[in-house]
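Below is one structure; the comments refer to it alone.
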Amino acid sequence: MAVTMAEISKLRKLTGAGMMDCKNALTETNGDIEAAKEIIRKKGQAVAAKREDREASEGCVLAAAKGDFAAIVALKCETDFVAKNDSFVALTKSILDAAIEAKATDLETVKALVVNGTPVANLIVDEIGKTGEKMELGYYEAISAPYTTAYIHPGNKLATIVGFNLADTDYQVAHDVAMQAAAMNPIAVSRDEVPADVVEKELEIAKDKARQEGKKEEMLDKIAQGRLNKFYQEVCLLEQAFVKDPKQTIQQYLHSSNKELTAVACKRITLNEE
């Protein structure tokens with residue numbers, strides 16, 4: 001039977017698939033919308049299976065904060081062209097919104113979420129059918145704190161979330177710290193959170209360097225500790241020099257807003273960072 005433009009448009013609106021794909025699916029199913037939707041979904045599954053060995057190195061990274069909860073999600077794809085596509089960005093945002101609403105704590109929980117009656121996994125398969133590219137939910141981070149904020153760097157390749165200990169934290173102060181995390185890539189909020197193996201490695205590197213410089217063996221521990229302190233100043237958010245005013249640290253900047261204010265959590269996700 002011949003299908004009408006109205007039927008094709010309706011299916012396209014429901015699935016986001018191309019006009020010809022919608023027409024062919026409707027023709028095959030004699031105008032049955034639900035059956036046509038299933039055909040389009042199966043096409044996405046077939047494309048996904050075919051491109052399983054492809055590398056999904058591009059994508060969209062978005063973050064959001066709502067009260068005491070914030071999250072970042074990265075939906076990956078093969079090309080920057082698809083990553084910038086409005087439909088792909090909208091899908092990433094819908095997944096993030098669902099994760100925020102559910103206060104999802106990990107990637108597996110996000111994958112199991114249902115958005116507008118459709119599982120996240122199926123939504124991604126549907127998008128694969130539209131674009132013909134491999135896609136995967138690559139990364140997810142979340143934090144809970146009395147106050148949270150999120151920052152998305154222009155281009156949707158980098159985002160950060162930061163949590164603070166006071167519910168009445170000033171928005172601009174929080175935003176500045178989130179931008180700091182984006183620019184300076186801290187590995188921890190404070191030195192107490194730096195993994196022990198990282199500390200041990202840095203101490204060994206510092207000692208080896210001091211030996212190569214001809215320093216006396218009995219001085220190595222002291223020299224290494226001094227260099228470890230400099231390392232902390234580079235990689236710990238609260239000890240980093242504030243990008244907007246390098247004369248003060250982030251902790252000093254926070255204290256200038258409120259003597260009791262500090263950051264308690266920080267997460268950062270990026271794709272293709274140089």
Side-chain angles (χ1 to χ4, degrees), residues 7-18 21-22 25-26 28-29 32-52 54 56 58-78 82-145 148-150 152 156-157 159-161 163 265 267 269 271:
E7 290 172 324
I8 294 172
S9 297
K10 180 180 179 180
L11 182 58
R12 188 168 191 271
K13 185 177 181 180
L14 289 171
T15 64
D21 286 336
C22 290
L26 285 165
E28 185 176 338
T29 61
D32 186 325
I33 291 286
E34 290 303 315
K37 283 170 62 177
E38 189 60 29
I39 285 176
I40 289 173
R41 175 159 292 162
K42 286 180 179 178
K43 178 187 175 184
Q45 292 171 339
V47 173
K50 185 176 180 181
R51 302 186 75 82
E52 184 61 34
R54 294 280 185 146
E58 293 290 342
C60 177
V61 183
L62 297 179
K66 184 179 180 181
D68 62 357
F69 188 82
I72 314 176
V73 67
L75 183 61
K76 300 175 71 178
C77 59
E78 294 179 41
V82 167
K84 293 178 179 177
N85 183 277
D86 288 345
S87 177
F88 185 81
V89 175
L91 174 57
T92 308
K93 186 178 185 305
S94 69
I95 295 172
L96 174 63
D97 289 345
I100 291 285
E101 194 63 31
K103 291 192 172 182
T105 57
D106 55 53
L107 186 60
E108 292 308 310
T109 301
V110 177
K111 290 179 179 179
L113 292 174
V114 175
V115 179
N116 296 325
T118 303
V120 165
N122 287 357
L123 289 175
I124 294 173
V125 168
D126 291 347
E127 194 70 17
I128 290 171
K130 299 177 199 175
T131 65
E133 285 198 7
K134 177 181 180 179
M135 294 178 189
E136 60 186 9
L137 201 54
Y139 306 105
Y140 178 79
E141 294 286 359
I143 59 173
S144 294
T148 61
T149 193
I152 305 170
N156 297 339
K157 300 294 185 187
T160 60
I161 48 176
K267 298 293 182 180
I269 289 178
L271 295 175

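Just so we're clear, the structure is a prediction, and the values are computed from it rather than from any experiment.
For the residue pair G59 and A83, the shortest heavy atom distance occurs at O-CB, 3.4 Å. Looking at every heavy atom in both residues, Y140 comes nearest to A71 through OH-CB, 3.4 Å. When every heavy atom of L113 is checked against every heavy atom of A102, the shortest pair comes out as CD2-CB, 3.8 Å. Nearest heavy atom pair, residue N122 against residue T118, reads CB-CG2, 3.6 Å. Considering every non-hydrogen atom in both G163 and I143, the closest pair reads N-CD1, 3.3 Å. The minimum heavy-atom distance linking A104 with A142 is given by the pair O-CB, 3.5 Å.
Checked by atom type and distance alone, the side chain of E133 never pairs as donor or acceptor with a backbone atom of C77 at under 3.5 Å. At distances below 3.5 Å, not a single donor-acceptor pair connects side-chain atoms of T160 with backbone N or O atoms of K267. When atom types are taken as modelled, the side chain of K76 and the backbone of L137 share no donor-acceptor pair closer than 3.5 angstrom. E78 places a side-chain N or O within 3.5 Å of a backbone atom of K134 that can act as its donor or acceptor partner.
To the nearest 0.5 Å, atoms CD1 (I161) and CD1 (I72) are separated by 4.0 Å. Rounding to the nearest 0.5 Å places CD1 of I269 at 10.5 Å from CG of L62. Between atom OG1 of residue T105 and atom CD of residue E141 there is a gap of 11.0 Å, rounded to the nearest 0.5 Å.
Side-chain contact between D68 and K103 is present, with heavy atoms from C-beta onward closer than 4.5 Å. By the 4.5 Å heavy-atom criterion applied to side chains, E127 and L75 are not counted as neighbours. Residues Y139 and V61 fail the side-chain proximity criterion, which asks for heavy atoms closer than 4.5 Å.
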F69/T148 under side-chain contact (heavy atoms from CB on, under 4.5 Å): CA gap, chis, key distance, verdict:
CA-CA 6 Å; F69 188 82; T148 61; 5.5 Å; no
Could you give the side-chain donor-acceptor pairs of residues 88-95 under 3.5 Å, partners two or more places apart or in another chain?
from : atom 1 : to  : atom 2 : distance (Å)
T92  : OG1    : F88 : O      : 3.0
K93  : NZ     : D97 : OD2    : 2.9
S94  : OG     : L91 : O      : 2.7

